[in-house]
Amino acid sequence: MAEAVETDLDPDFPAFRTLPGDLGSGWLLICDHARNTMPARYGTLGLPQCELSRHIGFDIGAEAVTERLAALLGAPAVLSCFSRLLIDPNRGEDDPTLVMRLSDGSVVPGNARVDQRETDYRLNRFYRPYDRAITEAIEAGVAYGKPPALISIHSFTDNWRGTPRPWHAGILWDRDGRLAQPVIEGLRRDPGLVVGDNEPYTGALQGDTMYRHGTQRGLAHALIEIRQDLIADPVGTAEWGGRLADLFSGLGKLPGLHDIRPPKH
């Protein structure tokens, strides 16, 4: 039975954008929380604009790092174009935090009375098209003969509820460490960096983007969290884009990196 889709209320608003790249690079970059923008009909979801400019609205600096890294690696990328407050593409469809009503102490008025009909609309119009774009990019790499290793770029706050976070970056992963562990080791070779292994968050979040497209597909993957104060300006994003490009260029020939290894249940 065909899925019922409500009439598109936001025809001019893109759910995602793609950056072209060489499928032979063997990489696919993903940025789930690239922007804090929303279609005009949603306004600011009842929040002051300054709230959307915080990390609750998007991952500060992640879009620019993704763009820089994609350019240096010559790799394709898929980036979301909607705020995580509208609907969070880095959550499973059944996750209770898919549409946030309260985020880091801020009540989101525009989400307070979201019902299943509105959630379904946001899923069909924003979440699923972005998710399909990732699937299509992966399929293009598989068809080319080089299943891509996935690199997901995020950022995190330098302070959480009054406690400073010491990490410059954290690498999140679940069951498959063939890319994540070499990334951690590579970054830790710089004595000036504090690198977290599944810190400040854990990568074992069933239903998130890396679970859906990495773990479930059997593709090598790593989610990189960079502290947002380090990439809040063009100097910082260029520095981290270059650092990661140097690292991944050296990891591109890891044995088994492009093997498809479905998870064992």
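Side-chain atoms of Ser80 come within 3.5 Å of backbone N or O of Asp32 as a donor-acceptor pair. Checked by atom type and distance alone, the side chain of Asp59 never pairs as donor or acceptor with a backbone atom of His33 at under 3.5 Å. At distances below 3.5 Å, at least one donor-acceptor pair connects side-chain atoms of Ser249 with backbone N or O atoms of Ala245. Between the side chain of Arg91 and the backbone N or O of Val99, no donor-acceptor pair lies under 3.5 Å. Checking side-chain atoms of Ser83 against main-chain N and O of Gly57 turns up a donor-acceptor pair under 3.5 Å. The backbone N or O of Tyr127 sits nowhere less than 3.5 Å from a side-chain atom of Asp131 that would complete a donor-acceptor pair. Side-chain N or O atoms of Asp158 include none that pairs as donor or acceptor with a backbone N or O of Arg227 at under 3.5 Å. For Lys146 (side chain) and Gly26 (main-chain N/O), no donor-acceptor pair under 3.5 Å exists by modelled atom type. Of the possible donor and acceptor atoms, none in the side chain of Ser25 sits under 3.5 Å from a partner among the backbone N and O of Leu73.
Summarising the geometry, atom CD belonging to Gln206 is positioned 9.5 Å from atom OG1 belonging to Thr215; distances are rounded to the nearest 0.5 Å. Atoms CG and CZ, from Leu45 and Arg101 in turn, are 11.5 Å apart once rounded to the nearest 0.5 Å. Note: Thr157 OG1 to Ile56 CD1 = 11.5 Å, rounded to the nearest 0.5 Å. Here the straight-line distance linking atom CZ of Arg212 with atom OG1 of Thr209 works out to 4.5 Å at 0.5 Å rounding. Annotation: the span from His221 atom NE2 to Trp173 atom CH2 amounts to 9.5 Å, rounded to 0.5 Å. To the nearest 0.5 Å, the span separating OG1 on Thr66 from CG on Leu19 amounts to 8.5 Å.
No single ILVMFWY cluster, assembled from side-chain heavy atoms under 4.5 Å apart, contains both Phe58 and Leu98. Under the 4.5 Å side-chain heavy-atom criterion for grouping Ile, Leu, Val, Met, Phe, Trp and Tyr, Leu251 is not connected to Leu223 through any hydrophobic cluster. The hydrophobic clustering, which links ILVMFWY residues whose side-chain heavy atoms are closer than 4.5 Å, places Met210 and Val78 together. Residue Tyr211 is not grouped with residue Leu29 when hydrophobic side chains (ILVMFWY) are merged at heavy-atom distances under 4.5 angstrom, including chains of intermediate members. Linking ILVMFWY side-chain heavy atoms closer than 4.5 Å, directly or via other members, places Val65 and Leu179 in a single hydrophobic cluster.
Comment: Arg68 does not engage Glu239 in a salt bridge, judged by the lack of any side-chain N to carboxylate O separation of less than 4.0 angstrom. Taking 4.0 Å as the cut-off between side-chain N and carboxylate O, Arg17 and Glu67 count as a salt-bridged pair. A salt bridge links Asp259 to Arg261: one of the charged nitrogens lies within less than 4.0 Å of a carboxylate oxygen. Looking at Glu118 and Arg113, no side-chain N of the basic residue comes within less than 4.0 Å of a carboxylate O on the acidic one, giving no salt bridge. Taking 4.0 Å as the cut-off between side-chain N and carboxylate O, Glu185 and Arg188 do not count as a salt-bridged pair.
Pairing each heavy atom of Ala64 with each of Thr237, the nearest pair is CB-CG2, 3.7 Å. The minimum heavy-atom distance linking Leu72 with Gly241 is given by the pair CD1-O, 3.8 Å. Minimum interatomic distance between Arg178 and Leu254 (heavy atoms only, all atoms of both residues): O-CD1, 3.8 Å. When all heavy atoms of Val107 and Pro109 are compared, the closest pair comes out as O-CD, 3.1 Å. The heavy-atom pair separating Leu23 from Gly141 by the smallest distance is CD2-N, 4.2 Å. Shortest non-hydrogen contact noted between Ile60 and His55 is CD1-N, 4.2 Å.
Side-chain contact between Ile138 and Leu150: present, with at least one pair of heavy atoms (C-beta onward) separated by less than 4.5 Å. A heavy-atom distance below 4.5 Å is not found between the side chains of Ile224 and Trp240. Looking only at side-chain heavy atoms (C-beta outward), Thr18 and Glu136 stay at 4.5 Å or farther from each other. Taking the side chain as every heavy atom from C-beta outward, Leu172 and Glu225 approach each other to under 4.5 Å. Here the side chains of Pro89 and Phe82 are in contact, with some heavy-atom distance below 4.5 Å. Taking 4.5 Å as the limit, every side-chain heavy atom of Tyr42 sits out of range of all side-chain heavy atoms of Asn111. Residues Tyr121 and Asp10 are in side-chain contact: their nearest non-hydrogen atoms beyond the backbone lie under 4.5 Å apart. Residues Thr135 and His213 meet the side-chain proximity criterion, which asks for heavy atoms closer than 4.5 Å.
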Given Ile226 and Leu244, is the side-chain contact (heavy atoms from CB on, under 4.5 Å) satisfied, shown in steps?
-> CA-CA 11 Å; Ile226 307 168; Leu244 293 177; 4.1 Å; yes
side-chain contact (heavy atoms from CB on, under 4.5 Å) evaluation trace for Asp88 with Met100 = CA-CA 8 Å; Asp88 194 335; Met100 293 290 285; 5.8 Å; no
Between Ile30 and Ile153, is a side-chain contact (heavy atoms from CB on, under 4.5 Å) present by the stated rule, with each step listed?
-> CA-CA 6 Å; Ile30 299 168; Ile153 303 295; over 6 Å; no
Let me see the working for Arg122 and Val114 under side-chain contact (heavy atoms from CB on, under 4.5 Å), right down to the final yes or no.
-> CA-CA 10 Å; Arg122 296 185 193 186; Val114 168; 3.5 Å; yes
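Not counting sequence neighbours, the partners of Pro200 by the side-chain contact (heavy atoms from CB on, under 4.5 Å) test are Phe156, Arg165, Trp167.
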